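A, B, ... follow the sequence lines: proteins, then strands. Residue 1 opens every chain. Note that the coordinates shown come from a computational prediction; the quantities given were computed from them, not determined experimentally.
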Amino acid sequence: GAGVSQSPSNKVTEKGKDVELRCDPISGHTALYWYRQRLGQGLEFLIYFQGNSAPDKSGLPSDRFSAERTGESVSTLTIQRTQQEDSAVYLCASSSEPGQGSGELFFGEGSRLTVL
Amino acid sequence: GQNIDQPTEMTATEGAIVQINCTYQTSGFNGLFWYQQHAGEAPTFLSYNVLDGLEEKGRFSSFLSRSKGYSYLLLKELQMKDSASYLCAVRRYSSASKIIFGSGTRLSIRP
């Protein structure tokens with residue numbers, strides 16, 4: 001597709017279960033970001049992938065969170081042993097390389113995670 | 001690290017003008033973005049400033065002063081559909097040029 005695609009759009013899980021969220025960026029975009037947005041809050045940076053460089057994981061809140069990206073394509077965000085505080089919308093965004101225009105972010109529609 | 005501050009909420013009247021301010025502190029500044037986010041939707045790109053000055057795009061303008069660590073988004077001829085959150089975001093120039101967002105300003109437009 002032409003835009004950033006995320007799945008699932010909605011996920012309800014029980015506390016303690018693992019979840020995997022998927023992001024398919026715009027073709028050709030070298031940069032990929034994951035953000036978390038709690039209800040009524042701003043975007044909290046989680047992790048950033050740029051090409052083949054080591055990812056910037058400085059925003060991951062705990063070792064229960066991890067993310068992978070295959071080359072310059074699909075990324076998965078995994079949350080292990082989910083807690084109720086993990087309930088949020090997880091937004092993925094991709095951009096072309098900085099220097100190629102503004103390098104603005106294009107966002108997916110997000111994955112809404114509810115942990116019961 | 002980075003610190004990005006913007007007002008939490010603002011209210012304005014339909015047809016009027018509103019200015020949303022954003023101040024930031026960061027090393028290696030490499031651009032500032034404004035995004036609009038309607039409730040329940042993904043953010044959409046509004047503007048980008050990397051040099052000092054004013055960028056105008058229709059009813060929206062964005063200003064940047066790098067020496068002051070300051071930007072504003074100016075919305076003219078406000079419409080009810082402009083009710084949304086406005087997010088200021090800063091990119092750092094480094095080996096990993098990540099983009100960090102402020103907490104956003106929730107703008108309400110009244111008739």
Consider only side-chain heavy atoms of I, L, V, M, F, W and Y, link residues closer than 4.5 Å, and tell whether A:F45 and B:I99 are in one cluster. yes
By residue number, those in residues 52-62 of chain B with heavy atoms under 4.5 Å from heavy atoms of chain A are none
Any idea which heavy atoms bring B:F33 and A:E104 closest together, and the distance? CE2-CA, 3.6 Å
Flag yes if B:I109 and B:W34 sit in one hydrophobic cluster, no otherwise; membership is Ile, Leu, Val, Met, Phe, Trp, Tyr, and two members link when side-chain heavy atoms are under 4.5 Å apart. yes
Tell me, yes or no, whether the heavy-atom count around A:Q83 atom CD, taken from other residues, nucleotides or ligands under 6.0 Å, exceeds 12. yes
Neighbourhood of chain B inside residues 108-116 of chain A, taking heavy atoms under 4.5 Å as contact: A:G108, A:E109
Do the side chains of A:V74 and A:L77 join up, straight or via other hydrophobic residues, at under 4.5 Å, putting them in one cluster? no
Count the heavy atoms belonging to other residues, nucleotides or ligands that lie under 6.0 Å from CD of A:E85, then report whether that count exceeds 12. yes
Do A:Y48 and B:I100 have side chains that get closer than 4.5 Å, going by heavy atoms? no
Is A:L91 close to chain B through its backbone or its side chain, or both, or neither, when contacts mean heavy atoms under 4.5 Å? side chain
If you look at every heavy atom in B:P43 and A:F107, which pair is closest and at what distance? O-CD1, 3.6 Å
More than 12 heavy atoms of other residues, nucleotides or ligands under 6.0 Å from CD of B:E77: is that the case? no
Report whether A:Y33 and A:V89 are members of the same hydrophobic cluster (ILVMFWY, side-chain heavy atoms less than 4.5 Å apart, transitive linking). yes
Quick check: closest heavy atoms across A:G40 and B:R106, and the distance to 0.1 Å? O-NH2, 3.3 Å
Chain B heavy atoms under 4.5 Å from A:Q37: which part of the residue, side chain, backbone, both or neither? side chain
If I measure from the heavy atoms of chain B, does A:F49 come under 4.5 Å with its side chain, its backbone, both, or neither? neither
Within one Ile-Leu-Val-Met-Phe-Trp-Tyr cluster: A:L21 and A:I26, side-chain cutoff 4.5 Å: no
Backbone N or O of A:L105 within a donor-acceptor pair of the B:Y35 side chain at under 3.5 Å? yes
Determine the option with the most heavy-atom pairs under 4.5 angstrom with chain A, choosing from B:S103, B:G104, B:G31. B:S103
